[in-house]
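Residues: numbered from 1 along the sequence shown. Heavy atoms only: backbone and side chains are in, while hydrogens, waters and symmetry mates are out. All ligand and atom numbering here is 1-based and tracks the order in the structure.
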Amino acid sequence: MSDDYGASSIQVLEGLEAVRKRPGMYLGDPHDGTALHHCIWEVVDNSVDEHLAGHTPRIDIVLNPDHSVSVSDYGRGIPVGVHEKYGISAAEVIMTKLHAGGKFDNSSYKVSGGLHGVGVSAVNAVSEWMDVTIHRNGLTYFQRYEAGVPMAPLAEVGTSEGTGTTIAFKPDLTIFTEVTEFEFDQINTRVRETAFLNAGLMIAISDERNEEPHVVEHHYAGGLSEFVEQLNERREVMHEEVINIIGEQVIEKGPVEVELALQWSDAFSESIMCYTNIIRNKDGGTHMTGLRTALTSCVNGYAKKRNLLKGDALSGEDVREGLAAVVSVKHPDPSFSSQTKDKLVSSEVTGIVQTIVYEKLGEFFEENPNVAKQVVDKALLASKAREAARKARDLTRRKGVLEGGGLPGKLADCQSRDPNECEVYLVEGDSAGGSAKTGRDRRIQAILPLRGKILNVERQKHNIAKVFQNNEIQTMIRAFGAGVGNNPDDEGSFKTEKLRYGKIILMTDADVDGAHIRTLMLTFLWRFMRPAIMEGHVYIAQPPLYQLSKGRINRYAFTDEERDVIMDELRGDNPNTKIGIQRYKGLGEMNPEQLWSTTMDPETRTMLKVTVKEAEATDRMFEILMGEDVPDRRAFIERHAKEVTNLDI
Ligand code: 0RA
């Protein structure tokens, strides 16, 4: 080994040590699975770049039985020659130097770009081991690293027919905690997205961690249009063909390319997905703003011109109801609001997207008057429904005032007025409500008993007013005191800052009916108080399934496994002790003291927090599970049946 090799490795090691010390800075949260999965994307993105450069038609991802991952492409192969400045192979520079992205020349910008743009070296740093295999010049080269440290220089290990790169790595579990397993669904969703955004690229995932390998291939010739078709797969579309728009505007730094696909359906929600250089911007940004402005003015402009508008102009929200759209911008030098690129802030993009969409969508409406008419009619309908809903909601609010104080009579409120410590239990049925009222800590715990099944709001798309006329729903709105509706521009919309309780806890029986009631509550919260879920205010109480008793000892089990463990414990050395088992059929079977100690005592209870990773997927799930379409629901349930473990009918 030359002196140069040694000297440059020391520099490199310092860089990688920084990543190991503060993985969160480079890769996201190392505990909750974020950084773990980002490792895959950093590696895959290099191969996607190789595809964008026109060199690989395919990428293979394998989740190996030893919990490592391999990513292969059939591109040019990472360069193997000795790097002038560092005196080591170019491959080793890429694998070990922070920010030494893929490309050495500036002529082609790195379009896909890893999430933080830290490159594969950051992943190398946090890997127990990483193996790189390169096929190039008719030869195969190999190098192994451990915790980012090369075990030996890059070496020729054989001959090769083709070209390409395989990078395999095993995450270092001294760095990643809590979530330590790759989640197939999460990987699959993101891979699907990448394949949609790169029309023609084949990406295959093979999960070989279980006995039967699970292989999924993503290859979409139709690109963004096919993406939109998939978003609308289970919805009644207003027009058959997805509308496609492409355009480009050159700015000082180079060309800004805009690609957009959109289609309206009868859905309640809007799903607009935004991307910059193939990276999802989940909070939108300037491309989203440009698109929204153009849509509103285009639809209104057309409606006015054809005399379709009777009253006021259509609002943006009306125009976007039922819209599924994907906008993808390629930008030579984009700016984001944060490291995680959740929001695009490059201000010139607003105007660029707006101009392109306004012009092209206007043309499309002129050439397709039937589609344009449908879109306008749909927006008019949305506008009417919204007006009716607003009236019904105002009525609810006034009624609350007339009844005095505004709080519903059924609510047993808590004493504290500090939302940070206050909780409200939504309890199924009056009898369980009674036990909860007696058993609670009345200083911080409020109880709201709800009678019977609350209205399925997913089936009231065309009659939102009915939602606000529903007794149980009115009661919830008034008890929470935070408004209702997801449109932030609307004065009476739901605002978490106004929520009277920091925790909304759903407490239903541990049976099928209870699960149904819980789902109805969640459907309502998702459709009308979404920020409460998104900002982590909604919880599910976990009442026990069994009481186990031996003499005066009482223990509770929350799962069947736990029941068996506790039984063994209680039996001790004597297998013949025949332990008392009570299976709780409902909350009502527990007395106030039992309900408190098993389910409500903040010191000892377990609760599940309701979280949502993907708003679009969640929208579609509620549509399928709670909507009108029976065959769709059946198919969904059959597909997910194996995930159901504790069904007690
Ligand atoms: C630098 C230069 C060239 C290719 C690559 C990097 C490259 C990197 C990765 C990472 C995963 N797969 C990859 N494939 C290629 C171009 C080399 C040339 O001009 O031949």
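A heavy-atom separation below 4.0 Å is not found between G75 and ligand 1. By the 4.0 Å heavy-atom criterion, R136 is counted among the residues contacting ligand 1.
In summary, the side chains of Q263 and E229 do not present any donor paired with an acceptor at a separation below 3.5 Å, with no hydrogens or angles considered. Side chains of W129 and D172: a donor-acceptor N/O pair is absent below 3.5 angstrom, by distance only.
E183 CD: more than 12 foreign heavy atoms inside a 6.0 Å radius. Within a 6.0 Å sphere centred on CD of E535, other residues, nucleotides and ligands contribute more than 12 heavy atoms.
Considering backbone and side-chain atoms together, N46 places no N or O closer than 3.5 Å to any N or O of ligand 1.
The heavy atom nearest to atom 8 (C) of ligand 1, out of those in V93, I78, N137, V48, is found in I78. Heavy-atom proximity to atom 3 (C) of ligand 1, evaluated over P79, A90, A53, is greatest for P79.
Evaluated for a side-chain hydrogen bond (donor to acceptor under 3.5 Å, both in side chains) with E623, the options R234, R235, R633 yield exactly one hit, R235.
Residue D73 touches ligand 1 through its side chain alone, judged by heavy-atom distances below 4.0 Å. Heavy atoms of M95 found under 4.0 angstrom from ligand 1: none, in either backbone or side chain.
Aromatic ring centres of F182 and H67 lie farther apart than the 6.0 Å criterion allows.
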